[in-house]
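Everything quoted here is computed from the prediction, not taken from an experiment.
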Amino acid sequence: MTAPFPQQALAIEIADLTVAYRDRPVLWDVDVQVPAGVLMAVVGPNGAGKTTLLKAVLGLVRPAAGTVRIFGQPIKAVRRLVGYVPQHREVDWDFPTSVLDVVMMGRYGHLGWFRRPGARERALALAALEQVGMRELANRQISQLSGGQQQRVFLARALVQDAQVYLMDEPFAGVDALTERAILNVMRSLRAAGKTVVVVHHDLQTVREYFDWVLLLNVRRIACGPVAEVFTEENLRQTYGGRSVALEVKRS
């Protein structure tokens, strides 16, 4: 599918965003601009607001102040353009459904409320499962899969949506090395196709290898930009509250 937006456009624009839970700020006056076609990590300590930021972009939490735009539009106008891979622990894995059915759920935004998935949706879902190395388990119950396999299935569900922006909340958490590499390869293929991929990520050692853009966040935005420019030891110290961060900054 050809991207309907110019490559130089901002995929995500967040302005003056503040989100509070029970009067406690979780995000405070955050400004972020994400260009189209980048693979971006969101990095910060526990409680920094990383998941809340993704949910604010998706319109799942109501901000106390500020705005979020996707290609210049509110999320309500462009929801079909945004795919989401939630944290593994947020999903009810005991729900009685098959791998294939879970992936086909990604097509519901294209079908509307009254059309049922047909042969085309099944073919697209199987192709997405092939892309993440899970096609042979299409008829398996989702509850019977390992954690890494379940994560791949939700990645396939996002892929079949054919979005322009993908938000992924800790997709590498708790997966084996083979699954991590498979997920990374899919992310890189999305970027190569001009998609924008935003990933909550915890492993500081792999940021330079995996990503080309990074947001350093701790309730406030510390820095955002190309990894080579903003992923510095000084910015990391600010992000993690002045604590020493064990990080060997690898220069290419």
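Judged by distance alone, the side chain of Gln73 and the main-chain N or O of Val78 form no donor-acceptor pair under 3.5 Å. A donor-acceptor pair under 3.5 Å is formed between the side chain of Gln151 and the backbone N or O of Pro171. Between the side chain of Thr18 and the backbone N or O of Asp29, at least one donor-acceptor pair lies under 3.5 Å. Remark: side-chain polar atoms of Gln161 are not paired, donor with acceptor, to backbone N or O of Leu81 under 3.5 angstrom. Within the 3.5 Å criterion, the main-chain N or O of Pro45 finds a donor-acceptor partner in the side chain of Lys50. The backbone N or O of Gly37 sits less than 3.5 Å from a side-chain atom of Thr196, completing a donor-acceptor pair. Between the side chain of Glu229 and the backbone N or O of Pro226 there is no donor-acceptor pair closer than 3.5 Å. Arg79 places a side-chain N or O within donor-acceptor distance of the main-chain N or O of Leu58, the cut-off being under 3.5 Å. Under a 3.5 Å cut-off, the side chain of Thr239 and the backbone N or O of Asn235 do form a donor-acceptor pair.
Residues Ile14 and Leu53 meet the side-chain proximity criterion, which asks for heavy atoms closer than 4.5 Å. When side chains are defined from C-beta on, Val214 counts as touching Val43, because their heavy atoms get closer than 4.5 Å. Between Val85 and Leu167, the closest side-chain pair of non-hydrogen atoms is not below 4.5 Å. In this structure, the side chains of Phe172 and Ile183 come closer than 4.5 Å at one or more pairs of heavy atoms. Side-chain contact between Val82 and Phe71 is absent, with no heavy atoms from C-beta onward closer than 4.5 Å. At a threshold of 4.5 Å between non-hydrogen side-chain atoms, the residues Lys195 and Val165 do not count as touching. Within the 4.5 Å cutoff, the side chain of Val186 has heavy atoms near those of the Val132 side chain.
Clustering of Ile, Leu, Val, Met, Phe, Trp and Tyr by side-chain heavy atoms under 4.5 Å joins Trp28 with Val219.
Tyr210 and Gln205 share no side-chain donor-acceptor pair at under 3.5 Å. Defined by atom type and a distance below 3.5 Å, a donor-acceptor pair is missing between the side-chain atoms of Asn139 and Ser98.
Note on Met187 and Leu178: separate hydrophobic clusters, where clusters join Ile, Leu, Val, Met, Phe, Trp and Tyr whose side-chain heavy atoms are under 4.5 Å apart, directly or indirectly.
With sequence neighbours excluded, no residue forms a side chain to side chain donor-acceptor pair (under 3.5 Å) with Asp31. Partners of Asn218 according to the side chain to side chain donor-acceptor pair (under 3.5 Å) rule, which considers only residues two or more places apart in sequence or in another chain, do not exist here. Evaluation of the side chain to side chain donor-acceptor pair (under 3.5 Å) rule for Glu234 yields Arg237, Gln238 as partners, not counting sequence neighbours. Every residue two or more places apart in sequence or in another chain that forms a salt bridge (Lys or Arg N to Asp or Glu O under 4.0 Å) with Asp212 is listed here: Arg191. Residues passing the salt bridge (Lys or Arg N to Asp or Glu O under 4.0 Å) test with Arg181 are Glu209, sequence neighbours excluded.
Distance check, rounded to the nearest 0.5 Å: CD of Glu13 to CZ of Arg69 gives 9.0 Å. Taken to the nearest 0.5 Å, the CD atom of Gln87 stands 9.0 Å off from the CG atom of Leu54. The structure places CG of Leu137 at 11.5 Å from CG of Leu100, a figure rounded to the nearest 0.5 Å. One distance of note links CG of Leu39 with NE2 of His201; it measures 10.0 Å at 0.5 Å rounding.
Considering all non-hydrogen atoms of both residues, Leu159 and Ala128 come closest at CB-CB, 4.3 Å. Of all non-hydrogen atoms in Leu190 and Met168, the two that sit nearest each other are CD1-CE, 4.2 Å. Closest of all the heavy-atom pairs between Cys224 and Val32 is SG-CG1, 3.9 Å. Counting all heavy atoms, side chain and backbone alike, Ala125 lies closest to Val160 at N-CG2, 3.7 Å.
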Show your reasoning for whether side-chain contact (heavy atoms from CB on, under 4.5 Å) applies to Leu10 and Val34. CA-CA 6 Å; Leu10 287 176; Val34 184; over 6 Å; no
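For the pairing with Val103, the side-chain contact (heavy atoms from CB on, under 4.5 Å) check across Leu129, Leu124, Leu155, Leu126 returns one residue only, Leu129. Applying the side-chain contact (heavy atoms from CB on, under 4.5 Å) test between Arg157 and each of Met104, Arg152, Met105 identifies Met105 as the sole match.
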